[in-house]
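Note: hydrogens, waters and symmetry copies are ignored here, and every other heavy atom, side chains too, is used.
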Amino acid sequence: MKLDQGYQDEHFDFTMHRSNILKIAVMVIGGLMLTNSFPWLCKYTFGYFEQIDQYKRFKDSPQAALIICYFLQTIIGYFLLTCSRMVVNYIELKRKTPTAIPPED
């Protein structure tokens, strides 16, 4: 059939800077962390408030550690999502600065 003949080859060059790729990756990781941890944070927080009459203090609740863990994961995910440029700048700075290698004895 020779369908591929008679056409000129068009080259499509798609170049992105490394920092843009890192920014997208950091934002995706932050978004995944946020969407994974926020529902669990809500679930365990509401569960704690339903049983608040059983546990007078927060640290006595069996859900306290999970609430703290999911809260921190939510905050980190939100930070990565909103401040991705700052995280990428830090990664680029660490990549550019040479690490000091101690001399061997």
message = Side-chain heavy atoms nearer than 4.5 Å, only ILVMFWY residues, links allowed to pass through others: does that put Val26 and Leu93 together?
response = no
inquiry  = Once rounded to the nearest 0.5 Å, what's the spacing between atom SG of Cys42 and atom CD1 of Ile67?
reply    = 10.5 Å
ask   = Which heavy atom in Leu81 sits nearest to a heavy atom in Gly31, and how many Å separate them?
value = CD1-N, 3.9 Å
ask   = Under 4.5 Å between side-chain heavy atoms, hopping through other hydrophobics if needed: is there a path connecting Trp40 to Leu34?
value = no
request  = To the nearest 0.5 angstrom, please state how far the NZ atom of Lys94 sits from the OH atom of Tyr90.
outcome  = 4.0 Å
query = Do Phe46 and Phe71 belong to the same hydrophobic cluster, where Ile, Leu, Val, Met, Phe, Trp and Tyr are linked whenever their side-chain heavy atoms lie under 4.5 Å apart, directly or via other members?
reply = no
query = Any sub-3.5 Å donor-acceptor pair from Gln63's side-chain atoms to Tyr48's backbone N or O?
reply = yes
query = Honestly curious: do Phe79 and Leu72 fall in one hydrophobic cluster under the side-chain, below-4.5 Å linking rule?
reply = no
query = Do Val87 and Lys23 come close enough that some side-chain heavy atom pair is under 4.5 Å?
reply = no
message = To the nearest 0.5 Å, what is the distance between OH on Tyr44 and CD1 on Ile68?
response = 14.0 Å
Euclidean distance, Thr97 OG1 relative to Glu92 CD, rounded to 0.5 Å = 11.0 Å
task = Could you pull out the closest heavy-atom pair between Leu22 and Val88, with the gap in Å?
result = C-CG2, 3.7 Å
request  = Show the numbers, then the answer: is there a side chain to side chain contact (heavy atoms under 4.5 Å, CB included) between Met16 and Ile24?
outcome  = CA-CA 11 Å; Met16 285 184 71; Ile24 292 170; 3.8 Å; yes
query = Are Ile76 and Val28 joined in one hydrophobic group, where the rule is that I, L, V, M, F, W and Y side chains link up if heavy atoms are under 4.5 Å apart?
reply = no
remark   = In this structure, CG of Leu80 is separated from CE of Met86 (nearest 0.5 Å) by 9.5 Å
Smallest separation among heavy atoms of Met33 and Gly77, with atom names = CB-CA, 3.9 Å
key: Gap between atom CE of Met27 and atom CD1 of Ile29 - 0.5 Å precision   = 12.0 Å
ask   = Any donor-acceptor pair under 3.5 Å linking the side chain of Thr35 with the backbone of Leu32?
value = yes
